[in-house]
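One structure is given here, and the rest of the page talks about it.
Remember, predicted model here, so these are calculated numbers, not experimental data.
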Amino acid sequence: MTYEKTKGGVWTRRQALKGAGAIGMGLALSGLAAPALRAQEKRPIRFLNCETGKDTLAFFAKMAAEYQEKAGVEVIVDSVPLDEAFTKITNGIRSGTPYDVANVGFIGQVLLLAEEEQIVPLNELTDEFKWGNNILFPIDGKIYWYPFDYNLALVYYRKDLYEAKGLSVPKTWDAFAGNCEALVEGRQKGCLFPIGSNGAANWMSFAFLWAEGVKLFDDQWNVIIDNDEMKPKAAAYLDFMARLYATMPPGALQAGYSDVLSNLVAGTVAHGAYAGRVYEAAVRDNPDMGGRLGIMPYMDSAGKQTAVSHGYDGWVVLKTDNTGNAMEFMRWLTTDRMVDFLHTAPVHFQPARLDIYDDQRWRDNALIKQFSAEIDQMRNLVTDGSVILTSIDTQGPRPDVRPGKVFESFVMPEMLQNKILRGMDSAEAVAQAAAKMRDVIK
């Protein structure tokens, strides 16, 4: 099977990797046979949802009732955290009670399901639309999932503090670090980028490295971060991060997603990384802060290249004896109800489908109106081919478990810790990380 090579590969930063690892990523579906198809009745559609926000759960409850009234088909919605999704999917297949539609946030799992013929192509739903960059991941021209959003890690900054200090939006590492240093005042710190062995660090702290042009693998899956071209760049990145660390609040080693989010919303850090949820949280918890926060991509050392850290979510349709009904339901969900679904997290659910940005129904939302300029920036980041759109587990020439193993083993955060906490020479920290990468991908 051949895969289309797209900029940055095909994996995401999601911790769903751990759900896959619990089963054994390479063998998770080994020996499973797709159910024999038979004439379909108006049987219930089993839907696995992993978006557990209050408004999204309310949407799915209402959606199920509406679809039963419209089509006479019951939709049974199970909701679990994303890192439990793949286990639920595979357990359902093994037990003979598979889901008909499932939420997946890790493209490696989508490709594994496709290879084992457990899911069906969705081209009839996707082909009529235009999509953002690096989001469909076709296999031999077939699209096996319906991506509903991007979750890009972007750099947030305090616009009001920039204005007060006469600072400009930085284009280089030196300028960014200088701005962080200039904005340390008392309890207010310059930035927060996690350095612990966790998913937050994997997602939020390495896009500076991608902007610098660093790659973990060559086209033959050789680890190259310590070769003559990459090693000096990676070492310079570690020096830069050590400079940033001096401006961070205590606890960067333990910081996770919620810590960065809460510090940004509270205004205790001047810079940090996250997806669109920051604006939603600010409106809810600290309304004045939403208008003070701007966004920018990660930058390189020379001011020539920008990047964002990749992330996304989508749905798959499983190959069951109810696939026909499931496809009818999906067409309804992704047309008649797509805008309503996206409105349950209006800024965080950054559309993957480009037509939605110009859909007046989608635009007619209070939060989208309030942050329209920022949303247009986000749109540009997924349509501008010059922006590097990748992450640790989207490295490499094609879909493969090896980038995922690097992600899950926390090699990259440990490289940061060796430099920042242990005082290791930057070049040595890179060399040690490369050695561990080679070990974990054996």
Exercise for the section: State, without any angle test, whether Gln350 and Asn151 hold a side-chain donor-acceptor pair at a distance under 3.5 Å. Expected result: no
Handout entry: Any side-chain heavy-atom pair of His310 and Asn134 under 4.5 Å
Key = yes
Handout entry: Main-chain N/O of Val265 paired to Asn286 side chain as donor or acceptor, under 3.5 Å
Key = yes
Problem - Shortest non-hydrogen separation from Gly256 to Asp259 and the atoms involved - result: N-OD2, 2.7 Å
Exercise for the section: Mind running side-chain contact (heavy atoms from CB on, under 4.5 Å) on Phe217 and Val406 for me, showing each step along the way? Expected result: CA-CA 11 Å; Phe217 302 99; Val406 172; 3.9 Å; yes
Practice task
Can you label the angle between the Trp145 ring and the Phe137 ring as parallel, tilted or perpendicular, going by 30° and 60°?
Solution key: tilted
Exercise for the section: Look at Asp358 together with Arg363 and state whether they make a salt bridge at an N to O cut-off of under 4.0 Å. Expected result: no
Completion exercise
With sequence neighbours left out, the residues meeting salt bridge (Lys or Arg N to Asp or Glu O under 4.0 Å) with Asp364 are Lys369
Exercise for the section: Find the distance between CG (Asn133) and CG (Leu381) and round it off to the nearest 0.5 Å. Expected result: 10.0 Å
Problem - Trp221 side chain reached by Pro403 side chain, heavy atoms, under 4.5 Å - result: yes
Completion exercise
Rounding to 0.5 Å, atoms CG (Leu244) and OG (Ser205) come to a distance of 9.5 Å
Exercise for the section: Could you check whether the rings of Trp210 and Phe206 sit parallel, tilted or perpendicular, using 30° and 60° as the cut-offs? Expected result: tilted
Handout entry: Lys171 atom NZ, over 12 foreign heavy atoms within 6.0 Å
Key = no
Exercise for the section: Using atom types as modelled and distance alone, determine if a side-chain donor or acceptor of His348 lies under 3.5 Å from a backbone N or O of Val278. Expected result: no
Problem - Which atom of Glu280 lies closest to which atom of Ala345, heavy atoms considered - result: OE2-C, 2.9 Å
Practice task
Would you indicate whether the side-chain heavy atoms of Asp300 and Thr172 approach each other to under 4.5 Å?
Solution key: no
Problem - Main-chain N/O of Leu48 paired with Asp78 side-chain donor or acceptor, under 3.5 Å - result: no
Handout entry: side-chain contact (heavy atoms from CB on, under 4.5 Å) assessment of Asp313 paired with Leu82
Key = CA-CA 10 Å; Asp313 301 282; Leu82 185 64; 4.0 Å; yes
Exercise for the section: For Ser95, enumerate each residue passing the side chain to side chain contact (heavy atoms under 4.5 Å, CB included) test, keeping only those at least two apart in sequence or located in another chain. Expected result: Thr97
Completion exercise
Tightest non-hydrogen contact, residues Val411 and Ala433, listed as CG1-O, 3.4 Å
Handout entry: Arg277 versus Tyr257, side-chain donor and acceptor atoms under 3.5 Å
Key = no
Handout entry: Flag side-chain contact, heavy atom, 4.5 Å: Ile135 against Tyr312
Key = yes
Exercise for the section: Check whether any side-chain heavy atom of Leu293 lies under 4.5 Å from a side-chain heavy atom of Tyr157, and answer yes or no. Expected result: no
Practice task
Could you verify whether a donor N or O on one side chain and an acceptor N or O on the other, from Ser386 and Gln305, lie under 3.5 Å apart?
Solution key: no
Problem - Heavy-atom neighbours of Asp376 CG exceed 12 at 6.0 Å - result: yes
Handout entry: Any side-chain donor near an acceptor of the partner, Lys419 and Ser426, under 3.5 Å
Key = yes
Practice task
Kindly give the heavy-atom pair with the smallest separation between Lys436 and Glu414, and that separation in Å.
Solution key: NZ-OE1, 2.7 Å
Exercise for the section: Would you mind reporting whether Leu216 and Val223 have side-chain heavy atoms less than 4.5 Å apart? Expected result: no
Handout entry: Whether Tyr150 side chain and Pro351 backbone form a donor-acceptor pair below 3.5 Å
Key = no
Exercise for the section: Could you check Val260 against Phe193 for side-chain contact (heavy atoms from CB on, under 4.5 Å), going step by step and ending with a plain yes or no? Expected result: CA-CA 8 Å; Val260 180; Phe193 292 93; over 6 Å; no
Problem - Check: Ile139 and Tyr144 side chains under 4.5 Å, non-hydrogen atoms - result: yes
Problem - Point-to-point distance, once rounded to the nearest 0.5 Å, from CE of Met230 to CD1 of Ile224 - result: 4.5 Å
Practice task
Before accepting this row, confirm whether a basic side-chain N of the pair Asp100/Lys319 lies closer than 4.0 Å to the acidic partner's carboxylate O.
Solution key: no
Practice task
State whether the number of non-hydrogen atoms from other residues, nucleotides or ligands found under 6.0 Å of Gln220 atom CD is greater than 12.
Solution key: no
Problem - Main-chain N/O of Ile143 paired to Asn123 side chain as donor or acceptor, under 3.5 Å - result: yes
Exercise for the section: Would you mind reporting whether Pro249 and Val269 have side-chain heavy atoms less than 4.5 Å apart? Expected result: yes
Exercise for the section: Could you tell me if the ring centre of Phe407 sits under 6.0 Å from that of Trp203? Expected result: no
Exercise for the section: Hey, could you give me the CE/CG distance between Met415 and Leu238, rounded to the nearest 0.5 Å? Expected result: 4.5 Å
Problem - Stepwise ring-ring contact (aromatic ring centres under 6.0 Å, His included) test for Phe240 and Tyr245 - result: CA-CA 9 Å; Phe240 164 68; Tyr245 182 72; over 10 Å; no
Handout entry: Donor-acceptor contact present, side-chain Asn222 to main-chain Asp218, <3.5 Å
Key = no
Practice task
Kindly compute the distance separating CG (Leu333) from CZ (Phe60), expressed to the nearest 0.5 Å.
Solution key: 6.0 Å
Problem - Salt-bridge criterion met for Asp355 and Lys130 (N-O under 4.0 Å) - result: no
Practice task
Indicate the ring-plane relationship of Phe341 and Phe59, choosing parallel, tilted or perpendicular according to the 30° and 60° boundaries.
Solution key: tilted
Exercise for the section: For the pair Glu51 (side chain) and Leu57 (backbone), establish whether a donor and an acceptor sit closer than 3.5 Å, ignoring hydrogens and angles. Expected result: no
Practice task
Identify whether the distance between the nearest side-chain nitrogen and carboxylate oxygen of Asp288 and Arg292 falls below 4.0 Å.
Solution key: yes
Residues 162-170, side-chain donor-acceptor partners within the protein, below 3.5 Å, at least two apart:
from: Tyr162; atom 1: OH; to: Asn179; atom 2: ND2; distance (Å): 3.1
from: Tyr162; atom 1: OH; to: His271; atom 2: NE2; distance (Å): 2.7
from: Lys165; atom 1: NZ; to: Glu185; atom 2: OE2; distance (Å): 2.6

Handout entry: Donor-acceptor under 3.5 Å (Glu374 side chain, Ile295 main chain)
Key = no
Handout entry: Rounded distance (nearest 0.5 Å) linking atom NZ of Lys215 with atom CD of Gln395
Key = 8.0 Å
Exercise for the section: Would you please test Ile89 and Leu318 for side-chain contact (heavy atoms from CB on, under 4.5 Å) and show each step? Expected result: CA-CA 9 Å; Ile89 293 168; Leu318 283 88; 4.1 Å; yes
Exercise for the section: For residues Tyr99 and Phe47, establish whether the separation of their ring centroids is below 6.0 Å. Expected result: no
Exercise for the section: Check Ile225 against Ala434 and note the closest heavy-atom contact, atom names and distance. Expected result: CG2-CB, 3.7 Å
Exercise for the section: Using a strict 4.0 Å threshold on nitrogen-to-oxygen distance, state whether Asp160 and Arg158 make a salt bridge. Expected result: yes
Exercise for the section: Hey, can you tell me if Phe208 and Tyr237 have their rings parallel, tilted or perpendicular (30° and 60° cut-offs)? Expected result: tilted
Problem - Heavy-atom pair with the smallest gap, counting every atom of Thr52 and Pro81 - result: CG2-N, 4.4 Å
Exercise for the section: Keeping the roles fixed (side chain from Asp226, backbone from Val430), state whether a donor-acceptor pair exists under 3.5 Å. Expected result: no
Practice task
Consider only side-chain N and O atoms of Tyr298 and Glu212, and report whether a donor and an acceptor are under 3.5 Å apart.
Solution key: no
Problem - Under 3.5 Å donor-acceptor, Tyr357 side chain and Ala352 backbone - result: no
